[in-house]
Amino acid sequence: MKKFTSLFLILVGTMVILATSKPLYLMYKEKQIQSYLNTTFTITQQDISENVLDINNNTIEVINTPKDDLIRLEIMLNGEKLPGSAEVSPAKDGNYTRGVWVNVLTIHKNEESSNKNDLVAIVQTTKDQASWNMYYIDNQKKMTANHVTNENRSNDPLDTYLIKNSGAPMIGYYTDINYASGNPLATVIPIAIAITGGILLLIGLLIFPRSKKKIC
């Protein structure tokens, strides 16, 4: 009976550990990426409360036009309209909710001593809050654009990093365990289950009957 119990605990503990190995690995990779980004870049949120911002030789303007019960948001960069717009619900003051639909951030590489090569990033959240228009602008007014969705993630973790800093902190680089559950404690669950499996495995090994040596 003792041997059966031991084998049962070893089997269950091993199965539990194997079942949690993938989410634990993905969580480890996410922390690695986050650590790299924190070390490599300094991200600073810019104030665009006046709907106009002059920064790094660029002028950014948010045009908010009432349309029926919604507000149509368009972004102007150096006098030219950027592709992509959003029609969003107004806030209580009748304006759009700042810091949710349009965010402007600066990206500084920590290895550089000056800010002259800093990039300006514009993150525009679409109405469904499941996709984002990303714009990167340098001090020479050169722009690159990218469109990111929950289903079609960017291969550049910096895109996700900026989205996390623009009203979607639960989105992940590899796993959506936080984003899907909406519960920050969701990351604790796989760890707790893995620890439980480890304890079961250890107990099973400790109580496994050992054969006694014969004394001649």
Side-chain angles (χ1 to χ4, degrees), residues 17-48 53 55-58 60 75 77 82 84 99-126 128-195 197-198:
I17 292 172
L18 290 176
T20 56
S21 60
K22 184 176 181 179
L24 289 176
Y25 172 74
L26 292 176
M27 289 164 58
Y28 167 74
K29 291 293 292 181
E30 292 231 335
K31 288 183 178 180
Q32 274 194 324
I33 294 174
Q34 187 68 57
S35 177
Y36 163 76
L37 292 169
N38 289 339
T39 303
T40 306
F41 302 104
T42 296
I43 307 297
T44 305
Q45 188 94 24
Q46 300 299 316
D47 181 13
I48 196 167
L53 179 65
I55 185 170
N56 203 20
N57 296 327
N58 293 282
I60 300 168
I75 303 173
L77 174 64
L82 294 178
V100 175
W101 304 110
V102 178
N103 285 272
V104 179
L105 310 100
T106 53
I107 307 166
H108 173 73
K109 285 188 176 181
N110 293 331
E111 64 182 14
E112 298 184 359
S113 57
S114 69
N115 297 328
K116 66 178 182 179
N117 293 323
D118 287 4
L119 291 176
V120 176
I122 303 173
V123 181
Q124 182 184 31
T125 304
T126 58
D128 60 5
Q129 298 188 45
S131 61
W132 299 265
N133 297 317
M134 316 279 299
Y135 307 98
Y136 294 91
I137 311 102
D138 63 18
N139 58 4
Q140 302 299 316
K141 300 185 178 182
K142 180 181 177 181
M143 184 197 74
T144 57
N146 193 13
H147 183 69
V148 180
T149 69
N150 273 336
E151 293 75 22
N152 186 22
R153 297 288 174 83
S154 171
N155 292 325
D156 187 351
L158 183 58
D159 285 343
T160 306
Y161 191 38
L162 294 176
I163 292 171
K164 289 172 75 70
N165 283 274
S166 301
M170 306 296 275
I171 193 171
Y173 302 101
Y174 278 95
T175 174
D176 281 337
I177 187 169
N178 273 350
Y179 193 78
S181 68
N183 182 1
L185 293 178
T187 55
V188 178
I189 295 174
I191 298 175
I193 294 175
I195 292 174

Minimum-distance pair of heavy atoms, taken over all atoms of [X] and [Y]:
{"X": "Ile33", "Y": "Pro157", "value": "CG2-CB, 3.7 Å"}
{"X": "Trp132", "Y": "His147", "value": "O-ND1, 3.3 Å"}
{"X": "Lys141", "Y": "Asn57", "value": "CE-O, 2.9 Å"}
{"X": "Ile107", "Y": "Ala121", "value": "CD1-CB, 3.9 Å"}
{"X": "Ala194", "Y": "Ile17", "value": "O-CG1, 4.1 Å"}
{"X": "Tyr173", "Y": "Glu30", "value": "N-OE2, 2.6 Å"}

pair [X]-[Y]: side-chain heavy atoms closer than 4.5 Å:
{"X": "Gln34", "Y": "Lys164", "answer": "yes"}
{"X": "Ile60", "Y": "Gln46", "answer": "no"}
{"X": "Asn56", "Y": "Thr106", "answer": "no"}
{"X": "Ile137", "Y": "Leu77", "answer": "yes"}
{"X": "Asp138", "Y": "Asn117", "answer": "no"}
{"X": "Gln45", "Y": "Asn103", "answer": "yes"}
{"X": "Thr40", "Y": "Asn110", "answer": "no"}

Taking Leu158's backbone N and O only, do any of them form a donor-acceptor pair with Asp156's side chain (distance below 3.5 Å, no angle check)?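 At least one qualifying donor-acceptor pair exists.
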Donor-acceptor contact below 3.5 Å, side chain Arg153 vs main chain Thr160: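 Answer holds: no.
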Residue of the set Thr126, Thr125, Thr149 for which side chain to side chain donor-acceptor pair (under 3.5 Å) holds with Ser131: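 Result: among Thr126, Thr125, Thr149, Thr126 is the only option passing the side chain to side chain donor-acceptor pair (under 3.5 Å) with Ser131.
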Euclidean distance, [Y] [atom2] relative to [X] [atom1], rounded to 0.5 Å:
{"X": "His108", "Y": "Asp118", "atom1": "NE2", "atom2": "CG", "value": "5.5 Å"}
{"X": "Asn38", "Y": "Ile43", "atom1": "CG", "atom2": "CD1", "value": "9.0 Å"}
{"X": "Lys142", "Y": "Leu119", "atom1": "NZ", "atom2": "CG", "value": "11.0 Å"}
{"X": "Phe41", "Y": "Tyr36", "atom1": "CZ", "atom2": "OH", "value": "5.0 Å"}

Assess the residue pair Asn150 and Ile171 against the criterion (side chain to side chain contact (heavy atoms under 4.5 Å, CB included)); give the C-alpha distance rounded to whole Å, side-chain angles, the decisive distance to 0.1 Å, and a yes or no. CA-CA 8 Å; Asn150 273 336; Ile171 193 171; 3.8 Å; yes
Given Met27 and Ile191, is the side chain to side chain contact (heavy atoms under 4.5 Å, CB included) satisfied, shown in steps? CA-CA 10 Å; Met27 289 164 58; Ile191 298 175; 4.0 Å; yes
Going through the distances and angles, do Met143 and Leu82 end up as a side chain to side chain contact (heavy atoms under 4.5 Å, CB included)? CA-CA 10 Å; Met143 184 197 74; Leu82 294 178; 3.2 Å; yes
So, Gln32 and Tyr28: side-chain donor and acceptor under 3.5 Å apart, yes or no?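 Yes, side-chain donor-acceptor contact under 3.5 Å.
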Would Tyr136 and Asn146 satisfy side chain to side chain donor-acceptor pair (under 3.5 Å), going step by step from the backbone distance to the final call? CA-CA 9 Å; Tyr136 294 91; Asn146 193 13; over 6 Å; no
Side chain to side chain contact (heavy atoms under 4.5 Å, CB included) partner of Val123, the single match among Leu105, Val102, Val104, Asn165: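 For Val123, the side chain to side chain contact (heavy atoms under 4.5 Å, CB included) test succeeds with only one of Leu105, Val102, Val104, Asn165, which is Leu105.
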